[in-house]
Structures are given as structure tokens and as C-alpha cells.
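Notes follow once the structure below has been shown.
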Protein chains: 2
Amino acid sequence: MTDEGRWEDQVLALDNQTCFALYAANRAVTALYRPLLAQLGLTYPQYLVMLVLWEAETSQDMVKVSFLGRRLRLDTGTLTPLLKRLENQGLIWRRRDDGDERVVRLGLTEDGRNLKAQARTVPGQLLCSSGLEPGRLASLRDELRSLLEQLEEGPSGESP
Amino acid sequence: MTDEGRWEDQVLALDNQTCFALYAANRAVTALYRPLLAQLGLTYPQYLVMLVLWEAETSQDMVKVSFLGRRLRLDTGTLTPLLKRLENQGLIWRRRDDGDERVVRLGLTEDGRNLKAQARTVPGQLLCSSGLEPGRLASLRDELRSLLEQLEEGPSGESP
DNA sequence: CCCAAAATGATTGTGCACAATATAATTGTT
DNA sequence: AACAATTATATTGTGCACAATCATTTTGGG
């Protein structure tokens, strides 16, 4: 019967909130990446962009900014300056499409392609330094993905 | 036997990475909060600070900046300007401790205390607009908390 | 007491995130 | 062909996050 037991306050308790756990865990994981990615000269969002470009390397068509945005759920206000920094580092190039002058095509430079070899060691190092079981991580990933899916599909009205 | 099936590239595949799921889910949830908190004139980190202050309201001793930092895992570079904004909004006050001039004490103003009533509706609205089951959320929260705990406790060497 | 070390915040600088707005090119309609 | 609507990116401004550095105060050892 203590005062802090009131249910009205329980819903506001920091420790009860999944969202705070998500917020704190995300920053903790990013902090784990930071020293590893620093060796590659990348921040975590820059690393994500490079992942997409490395994935798309095999496909024929060059990547557009809008494709990165859809893939990473980031808008141009975030991507444009980030991509300019990657370009200044010599990891990527940016060029207006010849056919459609609105779109900017992106691609890897020689340095950008070569960085992939070093990046391959990152997931393993991270897993190791975190001391987490791969199985638990995978199930957490699936849980987060289905949450993300639900948030993106039906955020508002559900009337069929 | 396609080229993209190579295991060296699988570890770099965006969709396989728990960390990206965490990153994307965190931003999606924050985006859900944004319109709700805008009605209170708060951002999500500001809301978290207010949660801690509302929790501490019942306890005797006034909150220090360092306490907020430990609770939310944020440093003063983030908190000082954030707290100044809350002070400018009239929700909190900041004052140097009389006994120890190094510490800054924080407390709620009348407006800050009154805002709690409106804030109580936020978790329910969020749950509703997300369409998620409370049970799944709670288990996700526990999973994230144990992950956070593990990351914070033993980030490096594990020799006993 | 005196001075070095530690504790506590503040400041500065860089890099995301995102809302709002702007700009330019393309498309569709007439 | 003219023009409205759409598409794709860029710009501006605000607010986190965090590293690095600084300033002040307190504390502890000699």
C-alpha cells in the first residue's frame, strides 16, 4: 500500500517502459560498434549505408538516394550530408542520372569496395565483445522485425 | 548457388543484423511518440527526463544532474542543454547546491508537476495506436533489459 | 595548511534525425 | 505547347548524442 504502488504511476515508471529499454539498448549497441567502426573511419549510420551499397554491388542498376532511404528508413535530410561525407572520404561517388536529372546515382569507389574486406570482421568482433548467444540475438531480431512491421503497416485505423 | 549466398556476405547482410532491427525499431517507436508528446510540448528525451523527475517527486532528496545521467545513460553534453530547455519552458528549475557548489539540483515547478496528469494518458494511447499485445511488449522489454545489462556489465574481458 | 587528485557540470565541435520548405525535373492533361 | 501535379533531392533549423576539453569545487595525503 505504498504510494509508489499506485497503478496510475506504474504506467509512467521508467523501468516498465519497453520504449526506454529499446532506446537504451540501441545506444548501448551503437556504443559497442563505435570503436570497431572507428578503425574503418565510419560511424554507425555510415556503416549501414555502406552495407546497402556492398549488397547492391552485385546487382546491375546503380543505387539511388531514394533506395537507401527506403531501405534504412532515413530521409534526405539525414542522407544527403552523410553521403557527402562518404564522398569526401573517397568511399563513394555521387552523380546525377543522365536520363532523369532529378535522381542522384551512388556507387562505390575502389576504396569503398576494398573496405568490405575489413568490414567482414566487424559482426564477429561485435558478437564476441558482447558475449551474447547467436540464437538469442536471432530471436530478438525477429521479434524486433515483426514489431517494426506492425508499426509501419497499421499505425492508425484498422477498419477493413 | 547464387553469388549472394556466400556466407562471407551473409554476415554483412542488413536484414540479418539484430542491430539494424534495434536501430530501426527504436526510431519507429520514437516516431509514434512524437505526435503524442508534441501535445505536451515535449520531445522523447525530454519526456524521459520528466518521467524520472515525476518518479523522484515522492522521495525527499532533490535530483542531481548526475542522477539523471545514470538513470538515462546520458552525459552532461546531452543533459545540460536539454534541461535548460525544460527550464525555459517553465517545467523545472535548476539551482546550485548550497553545500556543494559543484552539483546542480533539479526540481519540478508547478507546471511541471501538473503535466504529469496529461502524461498519464500517453502510455495507453501509444499502446493503442501501435496495436501491440501488452504481453509481447513485456517480454520484449525483459529481453532488451537483459541485453542491456549484459552489455553494460561485461563488455570486455571475462576472466574470473 | 597545501597541493594533487577526483568529482561535477559546462562548453565546443561533429554527426545524426527529422520537420518544413525550396528547387528542379518529369509526367500527364488538355 | 502550356501547365498543374508529382517526383526526387537539397536546404534550413532544432534537438539530441557523444567525444574532448575546460573550469570549479571538494577531498585526502603529506
Side-chain angles (χ1 to χ4, degrees), chain A residues 19-20 22-35 37-38 40-50 62-89 94-106, chain B residues 19-20 22-35 37-38 40-50 62-89 94-106:
Chain A
C19 308
F20 174 66
L22 201 53
Y23 169 79
N26 176 49
R27 284 187 300 119
V29 168
T30 305
L32 256 190
Y33 268 104
R34 200 167 296 120
L37 296 181
L40 314 189
L42 295 176
T43 65
Y44 184 65
Q46 289 169 6
Y47 171 68
L48 293 178
V49 166
M50 295 302 287
M62 287 171 291
V63 170
K64 300 193 278 186
V65 173
S66 59
F67 175 73
L68 274 181
R70 275 193 306 278
R71 203 86 169 75
L72 301 175
R73 277 86 171 171
L74 293 172
D75 69 1
T76 64
T78 301
L79 287 174
T80 298
L82 188 157
L83 293 171
K84 285 181 179 173
R85 282 186 283 270
L86 289 180
E87 187 183 31
N88 288 339
Q89 291 180 45
R94 306 186 313 134
R95 193 181 324 121
R96 288 279 168 190
D97 188 288
D98 291 334
D100 189 338
E101 284 286 335
R102 294 171 303 176
V103 336
V104 170
R105 298 283 177 181
L106 307 169
Chain B
C19 308
F20 174 66
L22 201 53
Y23 168 79
N26 177 50
R27 285 187 298 118
V29 168
T30 305
L32 255 191
Y33 268 104
R34 200 166 297 120
L37 296 181
L40 314 189
L42 296 176
T43 65
Y44 184 66
Q46 290 168 5
Y47 171 69
L48 293 178
V49 166
M50 295 301 288
M62 287 172 290
V63 169
K64 301 193 278 187
V65 173
S66 59
F67 175 74
L68 274 180
R70 277 193 305 278
R71 203 87 167 78
L72 301 176
R73 276 87 171 172
L74 293 172
D75 70 1
T76 64
T78 302
L79 287 174
T80 298
L82 189 157
L83 293 170
K84 285 181 180 175
R85 281 186 282 270
L86 288 179
E87 187 183 30
N88 288 338
Q89 291 180 46
R94 306 186 314 133
R95 193 180 325 120
R96 288 279 167 189
D97 187 289
D98 291 336
D100 188 338
E101 285 286 334
R102 293 171 304 179
V103 337
V104 170
R105 298 282 178 181
L106 307 169

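Chain letters run A, B, ... following the sequence lines, proteins first, then strands; residues in each count from 1. What you see is a predicted model, and the numbers here were worked out from it, not measured in a lab.
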State, to 0.1 Å, how close A:V104 and A:R94 come at their nearest heavy-atom pair, and which atoms those are.
CG1-CB, 4.0 Å
Base, sugar-phosphate, or nothing: which does A:L79 touch, judged by heavy atoms less than 4.0 Å apart?
nothing
Between B:D100 and B:P81, which is nearer to the 5' end of DNA chain D once each is assigned its nearest nucleotide?
B:P81
If only atom types and distance count, is the side chain of B:N26 paired as donor or acceptor with the main-chain N or O of B:V29 below 3.5 Å?
no
Taking CE from A:M62 and P from D:dA8, how many angstroms apart are they, rounded to a whole number?
16 Å
Can you name the nearest heavy-atom pair linking A:P45 to A:L82, along with the distance?
CB-CD1, 3.7 Å
Work out which heavy atom in B:A31 is nearest to a heavy atom in B:P35; give both atom names and the distance.
O-CD, 3.2 Å
What contact category does B:F67 fall into here, base, sugar-phosphate, or nothing, at under 4.0 angstrom with non-hydrogen atoms?
nothing
Checking the side chain of B:R73 only, and the main-chain atoms of B:R71 only, is there a donor and an acceptor separated by less than 3.5 Å?
yes
Once you apply a heavy-atom cut-off of 4.0 Å, does A:T76 come out as touching a base, just sugar-phosphate, or nothing?
base
If you check the B:D75 side chain, which of D:dT9, D:dT26, D:dA19 turns out closest?
D:dA19
What nucleic acid atoms does A:T78 come within less than 4.0 Å of, heavy atoms only: base, sugar-phosphate, or nothing?
base
Provide, to the nearest angstrom, the distance between the CG atom belonging to A:L74 and the C1' atom belonging to D:dA8.
16 Å
Atom CZ of A:R70 and atom P of D:dT7: how far apart are they, to the nearest Å?
12 Å
Close approaches to DNA chain D from residues 24-31 of chain B, in residue order (heavy atom, under 4.0 Å):
none
If you assign each of A:R73 and A:D98 to its closest nucleotide in DNA chain C, which residue comes earlier from the 5' end?
A:R73
Would the base of D:dT24 count as contacting B:R102 through its side chain, where contact means a donor and an acceptor less than 3.5 Å apart?
no
Donor-acceptor contact present, side-chain A:R105 to main-chain A:R95, <3.5 Å
no
What class does the angle between the rings of B:Y33 and B:Y44 fall in, given that below 30° is parallel, 30 to 60° is tilted and above 60° is perpendicular?
tilted
First and last nt of DNA chain C near chain A, cut-off under 4.0 Å to heavy atoms, 5' to 3', are C:dG15 to C:dT26
For B:G99, answer base if it contacts any base atom (sugar-phosphate contacts may also be present), sugar-phosphate if it contacts only those atoms, and nothing otherwise; contact means non-hydrogen atoms under 4.0 Å.
sugar-phosphate
Reading DNA chain C from 5' onward, which residue's closest nucleotide shows up sooner: A:L82 or B:T80?
B:T80
Tell me whether the count of non-hydrogen atoms from other residues, nucleotides or ligands lying under 6.0 Å of CG in B:D98 goes above 12.
no
Which part of the nucleic acid does A:R94 contact within heavy-atom distance under 4.0 Å: base, sugar-phosphate only, or nothing?
sugar-phosphate
Note: A:L86 and A:V49 closest approach over all heavy atoms is CD1-CG1, 3.7 Å
